[in-house]
Peer 1: 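Here it is, the structure in full.
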Amino acid sequence: MSFRAPVPEYEFLLNNIVGYEQVTESERFAEATNEMVSAILIEAGKLCDEVMAPLQRGGDLEPARLENGVLRTSPGFAGGWKAIAEGGWIGMSAPEEHGGMALPMALTTAVNEMMSGACLSLQLAPLMSQGQIEALAHHASDALKDLYLPKLISGEWAGTMNLTEAQAGSDVGALSSKAEANGDGTYAISGQKIFISWGDNDFCSNVCHLVLARLPDGAPGTKGISLFLVPKYLPNESGEAGEANSLSVVSLEHKMGLHGSPTCVMQYDQAKGWLVGDEHGGLAAMFTMMNNARLGVGGQGIGAGEGAYQQAMAYALERKQGRSESGTIVDHADVRRMLMTMKADLFAARAILMSCAVAIDMQAATGDAEWAARAAFLTPISKAFGTDTGISVADTGVQVHGGMGYIEETGAAQFFRDARVTAIYEGTNGIQAMDLVARKMLDGGDMANRLMDEIEEQAERARVTHPNMAESVWQACESLREATEWLVVQDRMNDRFAGAVPYLRAFARVLGGHFHLAAAMADLGGPREKLARFYITRLLPEHAALLAHAQAGADGAFALTLEELAG
């Protein structure tokens, strides 16, 4: 299957839907004009179509492997990484003083999503480096920045995140890895980490690990953890990779998907590391990279969904079966329903993702607390709805293929297998939802209400050209507002948590209607108006059932005793 990066989709979103013009009007990003953005997206599209997409199937069929302690990556991945690095794609949003381009996060997000659609297993590698670059830029000493950032940005070295342990998954405060001061400004790191994406490779001269560990005087829980930079090879006096550090890849996880991405069990035995940020301040540094990683993972889900949609569409156009005008299944009503649903949901998820990225850029450009709150609120929605959409679209893609979708040779199942983990890592989607209804509602729902005000204001404007669609979006937003008012007065947190996932999805559904309505207004009589009508008529109504679930409280979820639940 040939993949085509959705460049026109992103140009439309940036030019018409998500308020990107505010970014270019700021002093910080004044050079990132529409013309520059278009040129960059086109070049990124070529990389995706011509270099990365041809690696997609090979990474699944010939996975990364560990041979006598040496990591061997899938055929072609080294060349793919080289093309990504030489094109400057790793450091798009990185600081200029260290070799980055300092471009808006919105543009980096768009490129990362297109790369995910082309080859998600490989795209994970630069995403890990981008997270480390972000953390070091904000929290590392000048000496560490000067040594590591240029090499990470250029792709000469690669970065990872080492957070998870066997007994400490989402609860990172339960970690047991230890750090002890060596007396010379360095630390000895010991412990084992699991689920480390791209924990090693055979195409970079060094792999740099950000490792969470606890100092001897570190308090129990999250308040006592610190963050350390632990390279595979210790830099020598000239700043190049020197002698090996005392760390190793113990094994590779045998996964459902993403076979081309080596997920490692890492062992640290008194490995030399350097403190990043303050002692016991690892949580703050971790969240710097985690929040951008959550945005990136939302894009990964959407990218996998885009790949699945394109393959399903191509198959439907050529698969002959039954009686239809074209003689192929694309004219069967249920197949058309599936394809329209896939396309409509991908647009909604992309628009939410890009709106969040624009808010991050505006926060960086202005320092305004309002933009910070907006970005924080949209992050869990972007991550959860983006990945849920990718999984759903990939699942539907298998269904469009019928029996052939269940046969591995077609490649349809790979998109589903690859996408499935995106709802789990970087904070499960359940955790994203609980974050939304708890931490992000500490303002009493003010940020949520300001977003809903925007939705209703646009709906009022849209009544002139699209009265029926505008009314549907407005009414859905009012229902969401009522549910939000119910939510913020619940004192028992479990009453919020029991309905957190349906609440987040309902919010995403309404945001999707909002962005589809904007697309309809920007494309009167065009295909985007028709797609918006499909979404608002057929998918937006799901919000009512979701909000009913969200307001049901926790008692019903705990109604069965454990014995009854297991029986």
Peer 1: Is there a side-chain contact (heavy atoms from CB on, under 4.5 Å) between D361 and L107 once you walk through the steps?
Peer 2: CA-CA 10 Å; D361 287 329; L107 190 51; over 6 Å; no
Peer 1: Using a strict 4.0 Å threshold on nitrogen-to-oxygen distance, state whether E67 and R65 make a salt bridge.
Peer 2: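 R65 and E67: salt-bridged.
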Peer 1: Assess the residue pair D146 and H98 against the criterion (side-chain contact (heavy atoms from CB on, under 4.5 Å)); give the C-alpha distance rounded to whole Å, side-chain angles, the decisive distance to 0.1 Å, and a yes or no.
Peer 2: CA-CA 7 Å; D146 292 343; H98 295 293; 3.1 Å; yes
Peer 1: Would you check, one step at a time, whether the test side-chain contact (heavy atoms from CB on, under 4.5 Å) holds for I90 with L152?
Peer 2: CA-CA 8 Å; I90 299 171; L152 289 165; over 6 Å; no
Peer 1: Using a strict 4.0 Å threshold on nitrogen-to-oxygen distance, state whether R350 and E113 make a salt bridge.
Peer 2: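 So R350 pairs with E113 through a salt bridge.
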Peer 1: Measuring from H209:NE2 to W198:CH2, what's the distance to the nearest 0.5 Å?
Peer 2: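 Taking NE2 in H209 and CH2 in W198, the distance rounds to 13.0 Å.
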Peer 1: CZ of F497: more than 12 outside heavy atoms within 6.0 angstrom?
Peer 2: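 Check passes, neighbour count above 12.
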Peer 1: Passes side-chain contact (heavy atoms from CB on, under 4.5 Å), M128 versus L124? Steps please.
Peer 2: CA-CA 6 Å; M128 293 296 99; L124 253 175; 4.1 Å; yes
Peer 1: Can you name the nearest heavy-atom pair linking S121 to G260, along with the distance?
Peer 2: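 Minimum heavy-atom separation between S121 and G260: OG-N, 3.5 Å.
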Peer 1: Hey, does the side chain of S74 reach the backbone of F77 with a donor-acceptor pair shorter than 3.5 angstrom?
Peer 2: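 No; zero donor-acceptor contacts below 3.5 Å.
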Peer 1: Rounded to the nearest 0.5 Å, what's the gap from NE2 on H138 to CD1 on I133? Could you check?
Peer 2: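 If I round to the nearest 0.5 Å, the distance is 12.5 Å.
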Peer 1: Examine the side chains of S246 and D269 and answer whether a donor and an acceptor come within less than 3.5 Å of each other.
Peer 2: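 No pair is found: no donor N or O on one side chain lies under 3.5 Å from an acceptor on the other.
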Peer 1: What are the two closest non-hydrogen atoms of L175 and K193, and how far apart are they?
Peer 2: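 Reported closest heavy-atom pair: CD2-NZ, 4.1 Å.
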Peer 1: Do we see a donor-acceptor contact under 3.5 Å between the side chains of N429 and T387?
Peer 2: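 Note: N429 and T387 side chains meet the donor-acceptor criterion.
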Peer 1: Which value, rounded to the nearest 0.5 Å, describes the distance between L378 atom CG and M447 atom CE?
Peer 2: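 Taking CG in L378 and CE in M447, the distance rounds to 7.0 Å.
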Peer 1: Does atom CZ (R420) have a neighbourhood of more than 12 heavy atoms from anything else shown, all under 6.0 Å?
Peer 2: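 Counting neighbours around CZ of R420, 12 or fewer heavy atoms of other residues, nucleotides or ligands fall under 6.0 Å, so no.
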Peer 1: Quick one: closest heavy-atom pair of A508 and I352, and the distance?
Peer 2: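 Scanning both residues, the minimum pair turns out to be O-CD1, 3.7 Å.
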Peer 1: Just wondering, more than 12 heavy atoms not from E243 lying within 6.0 Å of its CD?
Peer 2: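 Open.
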Peer 1: Scan side-chain atoms only and decide if E165 and S176 contain a donor-acceptor pair under the 3.5 Å cut-off.
Peer 2: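 E165 vs S176: donor-acceptor pair found between side chains.
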Peer 1: Any Lys/Arg nitrogen of E408 or R417 sitting under 4.0 Å from an Asp/Glu carboxylate oxygen of the other?
Peer 2: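 Looking at R417 together with E408, the answer is yes, because their closest N to O distance falls below 4.0 Å.
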Peer 1: Say you draw a straight line from SG of C264 to CD1 of I196; how long is it, rounded to the nearest 0.5 Å?
Peer 2: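 Taking SG in C264 and CD1 in I196, the distance rounds to 8.0 Å.
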Peer 1: Give a yes or no on whether a salt bridge exists between R57 and E409, defined as a side-chain N under 4.0 angstrom from a carboxylate O.
Peer 2: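 Salt bridge flag = no for E409 with R57.
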Peer 1: Side chains of D418 and Q414 only: does a donor on one sit below 3.5 Å from an acceptor on the other?
Peer 2: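 Yes.
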Peer 1: Is the distance from the ring center of Y268 to that of F228 below 6.0 Å?
Peer 2: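 For Y268 and F228, the ring centres are not under 6.0 Å apart.
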Peer 1: Please determine, by modelled atom types, if Q310 and E306 share a side-chain donor-acceptor pair under 3.5 angstrom.
Peer 2: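 Yes.
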Peer 1: Starting at CG of L258, measure out to OG1 of T263 and round the result to the nearest 0.5 Å.
Peer 2: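 Result: 7.0 Å between the selected atoms.
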